[in-house]
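Below is one structure, written out as structure tokens; the observations come after it.
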Amino acid sequence: MNFIIDALSWACLMLGCFLGISGAIGIFRFDEFYSRAHAASVTDTLCVLFIISGLVLQSGFNLVTVKMIFIVVLLWLTSPVASHALIRSAYQTGLKPKLAITRKESSKRTQS
Amino acid sequence: MILDLYNYWVVIFLMMSGFYTLIASNHLIKKIVGLNIFQSSVFMLYISMGKVAGGTAPIAAEGIDTYSNPLPHVLILTAIVVGIATTSLALALVIRIKESYDTVQENEILELDRISDEETQA
Amino acid sequence: MSAINLLIDIVLLTMLVFTTIAIVRSRSLFAIVMLSGIYSLLSANIFVVLDAVDVAFTEAAVGAGISTVLMLATIGITGYEQKKRRSISRITPLIVVFITGAVLVYGTLDMPAFTNPSNPVHEHVAPRFIEQSPTEVGIPNMVTSVLASYRGYDTMGEVIVVFAALIGVLSLLGIREKKTDPVYTEPPPRPILQVMAKFMIPFIILFALYVQFHGDFGPGGGFQAGVIFSVAIILYTLTFSQQDAMDLVPPWVLKRLAALGVLIYGGTGVVSLLKGGNFLDYNVLAHDPIHGQHYGILIIEFGVGLTVACVMILIFFAFISRGDKNP
């Protein structure tokens, strides 16, 4: 039984770490602001879920578990909103996504 | 040996980077950031000194008899809040400098000062 | 310190070093401010590893929260650009820094090893605080008992310094109320942010109150609670508008409350004087010394929290009201 719980929690932790690291690589490797922000915000929530559930499995059911669930709820609420605010202000200050420009250009080309 | 003193060396590195930023930078806000780095390196030094091997956080609990030293924690806790208060005072001064000189570059401020001095002498 | 803690400590310190290098090398002020926020968060993590939970709490709230917001408000006024300049060479500062650093490193070679329990730091007054404070003061959190009881004078001085900084900022900048300004326009509504902020603010305030009154038993206390409370108001100001926030907490009320906090702290000392004890000697506040200590710590922590919260909110108001004036 212990072994199963340990294995599950390690699997969760590893998956969470993988998601976090892939998000970080995304921030560095993507070439444009919106895809970077997308990489960070999309991996963030699931990464938090997996890491915290791995830790919950390790700790057993007590007060610490409740606190960690609170952390998950808090991060799920704030992290997407923070990404939204960031991208919204970037868009309003005039930064256009690359994809939109290329699509417009391609439609122009097809029309002409 | 290296592990014994690693914390202190990092503290010295941070302190010297803050010091370098303070004296080599031309922009007043960057100088303030350098001062903050210098300040928090001192915090790090104090907290590193307070750590005791095998100790826990200094909150009394059943079955624990080794605690880290609470005294540095108290000093630094208050120092952080005082630090932000004094930093905000420095930033307020920077805003006033910007409003009266229209620049926050140190060499331009000195230049403007020199010009106004010459005008009053002439 | 166990091996894994030492490893975490070393990794975090190395990350701190890289962040510092990035701050020193970067030219964009916006990046510098953001990096200094990251710097504060990393140092808060290091404080947790080094057992200083109260300090980590304060650093996370102050360094990553308020300090970043104030810096951003300032660079919004002064401009983001940092001009290049070649008038002074970088060689002289580098030489000075290297010589000073080398002297300091030479000094550390004589220092006792990190985390050694027999270091001179742990020999002097710390054992007395650790052994006596749970019975003398009667609360488990030694940081709070040292802060509020043994070193009460010191903390009172710190609170007065914070208050004096507020007076300095207000006399330099002042707070401009927007009602009289004819060109003032309402900022556009931001529905997602506003709904989210409305949802979060009660919890932040609840958490601040928990930190305030649970500081005797767990990490926390007046300084942290004040900062967290002011963060709630700052969030409200950022998502709604400055006018809304000033209607909610009018600056003239805040000014009086900030002074009241200092007065509560000093008044507790005077009351203990009148009751026949020393200044800030809480033993005489109640029939039983332990109860007296409890009352005393609760009251002065409340004073500290009130002052810190009001000072932080007022400083923030002063910065942003100045910012909107000079776009």
Side-chain angles (χ1 to χ4, degrees), chain B residues 3-10 12-14 16-17 19-21 23-24 26-27 29-30 33 36-37 40 44 47-53 55-61 67-71 73-74 76-78 80-82 84-89 91-96 98 104-105 107, chain C residues 1 10 13 17 20 24 29 32 36 43 47 50-55 58-59 62 66-67 70 74-75 77-78 82-83 85 87 90 93 97 100-101 104-105 108 111 113-115 117 121-122 126 129-130 134 140-143 146-147 151 155 158 161-162 165 168-169 172-173 223 308 315 322:
Chain B
L3 287 184
D4 282 347
L5 296 175
Y6 185 75
N7 271 43
Y8 302 136
W9 290 349
V10 169
I12 290 171
F13 178 81
L14 298 180
M16 288 304 115
S17 336
F19 189 36
Y20 175 77
T21 318
I23 55 181
N26 194 28
H27 196 282
I29 293 179
K30 197 167 179 190
V33 172
N36 271 342
I37 292 174
S40 55
M44 207 74 73
I47 301 295
S48 300
M49 282 181 167
K51 172 76 183 167
V52 176
T56 59
I59 295 170
Y67 298 104
S68 287
N69 194 340
L71 193 58
H73 299 183
V74 174
I76 297 311
L77 197 158
T78 49
I80 289 175
V81 178
V82 170
I84 178 68
T86 47
T87 303
S88 62
L89 192 62
L91 290 175
L93 279 171
V94 169
I95 290 176
R96 291 310 300 243
K98 167 76 179 174
V104 279
Q105 308 277 333
N107 55 350
Chain C
M1 188 141 85
I10 287 175
L13 282 172
V17 167
T20 318
V24 174
L29 277 178
I32 288 173
S36 66
S43 46
F47 292 152
L50 295 175
D51 286 348
V53 278
D54 289 84
V55 183
T58 321
E59 176 73 34
V62 167
I66 294 188
S67 164
L70 288 184
T74 315
I75 64 171
I77 297 170
T78 58
Q82 193 184 359
K83 287 175 200 155
R85 109 197 124 159
S87 57
R90 291 162 183 278
V97 162
T100 323
L104 286 175
V105 169
T108 58
M111 280 179 82
F114 177 55
T115 75
V121 193
H122 310 307
F129 288 151
I130 292 175
N141 189 352
M142 296 164 201
V143 175
V146 176
L147 177 97
R151 295 185 63 87
T155 312
E158 311 273 10
V161 170
V162 172
V169 170
L172 279 170
L173 296 181
F223 284 102
V308 170
I315 288 176
R322 188 54 74 140

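Keep in mind it's a predicted model, so treat the numbers as computed, not measured. Each chain gets a letter, A, B and so on, in the order its sequence line appears, and its residues count up from 1.
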To the closest 0.5 Å, what do you measure between [atom1] ([X]) and [atom2] ([Y])?
X     : Y      : atom1 : atom2 : result
C:F47 : B:S48  : CZ    : OG    : 8.0 Å
C:T58 : B:I76  : OG1   : CD1   : 10.5 Å
B:F19 : C:L104 : CZ    : CG    : 10.0 Å
B:L89 : C:L172 : CG    : CG    : 6.0 Å
B:L77 : C:L147 : CG    : CG    : 6.0 Å
B:I80 : C:S67  : CD1   : OG    : 11.0 Å

Which pair of non-hydrogen atoms, one from [X] and one from [Y], has the smallest distance, and what is that distance?
X      : Y     : value
C:L50  : B:H73 : O-NE2, 4.4 Å
B:V33  : C:S36 : CG1-CB, 4.4 Å
B:K30  : C:L29 : N-CD2, 4.5 Å
C:V162 : B:A85 : CA-CB, 4.1 Å
C:T78  : B:K98 : O-NZ, 3.5 Å
B:I29  : C:I75 : CD1-CG2, 3.4 Å

Check each atom of [X] against the heavy atoms of chain C and say whether the ones under 4.5 Å are side chain, backbone, both or neither.
X     : answer
B:T87 : side chain
B:F13 : side chain
B:T21 : side chain
B:I12 : side chain
B:V82 : both

Using a 4.5 angstrom heavy-atom cutoff, name the option from B:V104, B:L93, B:N36, B:L14 with the most pairs to chain C.
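Winner by heavy-atom pair count: B:L14.
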Please flag which part of C:I315 lies under 4.5 Å from any non-hydrogen atom of chain B: side chain, backbone, both or neither.
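Only the side chain of C:I315 comes within 4.5 Å of chain B.
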Could you tell me if the side chain of C:T100 sits less than 4.5 Å from the side chain of B:M16, heavy atoms only?
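In contact.
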I want to check something: taking the side chain as every heavy atom from C-beta on, are B:I84 and C:L70 in contact at a cut-off of under 4.5 Å?
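Yes, close enough: below the 4.5 Å cut-off.
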Highest number of heavy-atom pairs under 4.5 Å with chain B: which of C:V308, C:I130, C:V53?
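So the answer, after comparing C:V308, C:I130, C:V53, is C:I130.
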Among the listed options C:V161, C:L13, C:T155, the residue most often paired with chain B at heavy-atom distances under 4.5 Å
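If we count pairs closer than 4.5 Å to chain B, C:L13 comes out on top.
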Donor-acceptor pair, distance only, cut-off 3.5 Å: does the side chain of B:R96 make one with the backbone of C:L173?
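No: the side chain of B:R96 does not pair with the backbone of C:L173.
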Tell me which one of B:L71, B:I59, B:V74 satisfies side-chain contact (heavy atoms from CB on, under 4.5 Å) with C:V143.
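Answer to the side-chain contact (heavy atoms from CB on, under 4.5 Å) test with C:V143 among B:L71, B:I59, B:V74: B:V74.
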Have C:H122 and B:N69 got a donor and an acceptor in their side chains that come within less than 3.5 Å?
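Indeed, the side chains of C:H122 and B:N69 share at least one donor-acceptor pair under 3.5 Å.
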